[in-house]
There are 2 protein chains.
Amino acid sequence: MEAKNTISQMRRGILEFCIVSLLAKQEIYTAELIDSLKSADLIVTDGTLYPLLNRLQKAKLLQYRWEESDSGPPRKYYSLTENGEGYLGELNKAWQDITGSVENILRGNKSE
Amino acid sequence: MEAKNTISQMRRGILEFCIVSLLAKQEIYTAELIDSLKSADLIVTDGTLYPLLNRLQKAKLLQYRWEESDSGPPRKYYSLTENGEGYLGELNKAWQDITGSVENILRGNKSE
DNA sequence: CAATGTACCTTGTTATGCAAGGTAGCTTGC
DNA sequence: GCAAGCTACCTTGCATAACAAGGTACATTG
């Protein structure tokens, strides 16, 4: 109800982190990416993913190659570039910082 | 560098969760809120907070009362409404869901 | 009564998730 | 060999929100 918008907000940015993490493990194309995210209970549509992947690719964090399919048009298989690996490191650290901050707040570790 | 935008994206929504959590513990006004968030390493400016607090208050999740100060103009002390308590429960659950999803992805618990 | 400081608020910019709609390649059935 | 349907990729328009910058008002202090 009230929380819906905020909860999708919570997922922003985290989504990119998850995608980069998944791509660090294996080459993957968009539909598979959506399935992987869905099995981790992060719902996304392709209208969200394509712009995001293009953005990361233009930033040289991702690369892709075309691969033909047995059952339809060719697919773009994405993977991390070397820059992307470093970027993943930054995101990992940021994620740990954020979960740490949230835990501090929930536990009430205030400096007063 | 590259990660800056995404890292602020990560904090979106989480910020609101942290604020509601802090307000669940005690009445507090904006400057104190900023200090509390800062000691948990979540940097925010008042240009972010005022609109957010007003939005939550209009949604009847927060209430406030004026209190005079010894050293300046009066302050708005915010606290959770009853609805706000329920909302905090929703946000707590959402946060747990999200951290769970991220852990699944990082660990590679995919259903394939 | 001017200067300073504190507190609250608004406006404009930018980023991005998402829904909806569009293009094109490939297969299947006739 | 072509129409229909599926799969994959991409774009446009909208709504939301963090943030910087700038503004108003009240209180204290010299």
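Values in this document were obtained by computation on a predicted structure and should not be read as measured data. These numbers come from the heavy atoms of this one structure, side chains and all, not from hydrogens, waters or symmetry mates. Chain identifiers are assigned alphabetically (A, B, ...) following the order of the sequence lines, protein sequences preceding nucleic acid strands; residue numbering begins at 1 within each chain.
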Residue pair A:D70/A:G47 against DNA chain C: nearer the 5' end by closest nucleotide is A:G47
Protein-nucleotide distance ([X], atom [atom1]; [N], atom [atom2]), rounded to Å:
X: A:E68; N: C:dA24; atom1: CD; atom2: P; answer: 19 Å
X: B:L56; N: C:dC8; atom1: CG; atom2: C1'; answer: 16 Å
X: B:E16; N: D:dA17; atom1: CD; atom2: P; answer: 7 Å
X: A:M10; N: C:dG17; atom1: CE; atom2: C1'; answer: 16 Å
X: B:L42; N: D:dC19; atom1: CG; atom2: C1'; answer: 15 Å
X: B:R55; N: D:dT16; atom1: CZ; atom2: C1'; answer: 8 Å
X: A:I43; N: C:dC18; atom1: CD1; atom2: P; answer: 10 Å
X: A:L52; N: C:dG17; atom1: CG; atom2: P; answer: 5 Å

Which nucleotide in [options] has an atom nearest any side-chain atom of [X]:
X: B:D46; options: D:dC9, C:dT6, C:dC8; result: C:dC8
X: A:L15; options: C:dA7, D:dA18, C:dC18; result: C:dC18
X: B:K76; options: D:dA18, C:dG25, C:dC8; result: C:dC8
X: A:W66; options: C:dG17, D:dC9, C:dA7; result: D:dC9
X: B:P51; options: C:dA7, C:dT10, D:dC9; result: C:dT10
X: B:P73; options: D:dC9, C:dT10, C:dG5; result: C:dG5
X: A:N54; options: D:dC10, D:dA27, C:dA7; result: D:dC10
X: A:R75; options: D:dA18, C:dG5, D:dA8; result: D:dA8
X: B:T45; options: D:dC19, D:dT11, C:dC18; result: D:dC19

Indicate yes or no: at least one non-hydrogen side-chain atom of B:I14 is less than 4.5 angstrom from one of B:I98.
no
Salt-bridge criterion met for A:R75 and A:E68 (N-O under 4.0 Å)
no
Hey, are A:K76 and A:E67 close enough for a salt bridge, meaning a charged N less than 4.0 Å from a carboxylate O?
no
Presence of B:Y50 side-chain N/O under 4.0 Å of C:dT10 phosphate oxygens OP1/OP2:
no
At less than 4.0 Å, is any side-chain N or O atom of B:T48 found next to OP1 or OP2 of D:dC19? Yes or no.
yes
Just verifying a value: how many Å separate A:D97 CG and B:L42 CG, rounded to the nearest 0.5 Å?
9.5 Å
Students often get this wrong, so: under 4.0 angstrom with heavy atoms, is B:T30 touching a base, only sugar-phosphate, or nothing?
sugar-phosphate
Ring center gap for B:Y77 and B:Y64 short of 6.0 angstrom:
no
A:S39 side chain vs A:D35 backbone, donor-acceptor pair below 3.5 Å
yes
